[in-house]
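Worksheet for the structure shown next.
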Amino acid sequence: MSAWNRQQMAARVAQDIPEGWFVNLGIGIPTMVADHVPPEREVILHSENGILGMGPAPAPDKVNAWLVNAGKQPVTLRPGGSFFHHADSFGMIRGGHIDLCVLGAFEVAESGDIANWATSENDSAPAVGGAMDLAAGAKRLWVVMDHTTKDGAAKLVEHCSYPLTARGAVQRVYTNLAVLDVAPGRGFVVREMAPGLSLADLQARTGAKLHVDG
């Protein structure tokens with residue numbers, strides 16, 4: 001079995017984003033998606049700190065310290081891109097103008113619940129940040145994350161054990177082992193698996209029942 005690495009996971013997400021969508025990329029693996037959107041495809045990338053039209057990461061000698069995404073990573077600006085106030089950025093999110101948000105997560109439940117900001121009541125994260133607004137305001141929510149924790153615990157589960165970011169918000173999950181849709185009334189539906197991985201192996205690494213069509 002050959003698991004996908006993080007760049008391959010990000011490229012797989014980018015492959016599925018249609019022309020013309022406005023897309024917010026969360027912190028972590030989601031930020032890598034910007035590096036894999038084909039330049040000829042018009043996908044308008046949004047950052048909640050006030051950027052519309054983000055491009056891929058800059059070359060080391062082209063870094064502009066003032067142009068960063070929400071994770072404080074340097075980014076570039078595509079032709080026609082713009083900067084604006086933080087409040088205007090959240091107006092776009094809360095007004096339902098974002099076609100897709102891509103987030104990382106600690107857990108996703110078969111109901112589409114997502115937990116992505118704290119792993120316990122004593123977590124050092126001060127608050128949920130913009131993820132709750134994005135999960136509620138974006139038209140679609142996809143998650144990209146490792147299939148299991150470093151200790152091998154399942155991150156795709158029947159019910160989330162960590163504090164929730166949103167309920168029933170996730171439509172699709174991309175992991176290092178599979179691409180899965182979250183279908184109402186069915187749960188996780190397998191669409192694609194990493195090379196050499198069997199459904200039984202994938203199920204053994206998943207904390208909820210998997211389904212396949214056909």
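All figures in this text were calculated on a predicted structure; none of them were measured in a lab.
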Verify the neighbour count for atom [atom1] of [X]: are there more than 12 heavy atoms of other residues, nucleotides or ligands below 6.0 Å?
| X | atom1 | result |
| --- | --- | --- |
| Arg41 | CZ | yes |
| Lys139 | NZ | yes |
| His211 | NE2 | yes |
| Glu42 | CD | no |
| Arg186 | CZ | yes |

Does [X] reach the side chain of [Y], with side-chain heavy atoms less than 4.5 Å apart?
| X | Y | answer |
| --- | --- | --- |
| Lys155 | Thr149 | yes |
| Leu45 | Arg78 | no |
| Arg140 | Trp21 | yes |
| Phe188 | Val182 | yes |
| Asp99 | Ile17 | no |
| Ile93 | His46 | yes |
| Met145 | Ile29 | no |

State, to 0.1 Å, how close [X] and [Y] come at their nearest heavy-atom pair, and which atoms those are.
| X | Y | result |
| --- | --- | --- |
| Gly28 | Thr31 | O-OG1, 2.7 Å |
| Trp4 | Glu192 | CZ2-OE2, 3.7 Å |
| Ala154 | Arg205 | CB-O, 3.7 Å |
| Asn69 | Met54 | CB-SD, 4.0 Å |
| Met132 | Thr165 | CG-O, 3.5 Å |
| Asn116 | Ala105 | CB-CA, 3.6 Å |

Task: Of all pairs that satisfy salt bridge (Lys or Arg N to Asp or Glu O under 4.0 Å), the ones with a partner from residues 13-39, not counting sequence neighbours - done: Arg12-Asp16, Asp16-Arg172
Task: Test side-chain contact (heavy atoms from CB on, under 4.5 Å) applied to Val170 and Asp113, Leu180, Ile114, the passing residue - done: Ile114
Are any side-chain N or O atoms of [X] and backbone N or O atoms of [Y], one a donor and one an acceptor, separated by less than 3.5 Å?
| X | Y | result |
| --- | --- | --- |
| Asp151 | Ala153 | no |
| Ser111 | Gly168 | no |
| Gln171 | Leu141 | yes |

Task: side-chain hydrogen bond (donor to acceptor under 3.5 Å, both in side chains) assessment of Gln7 paired with His36 - done: CA-CA 8 Å; Gln7 290 292 345; His36 298 281; 2.6 Å; yes
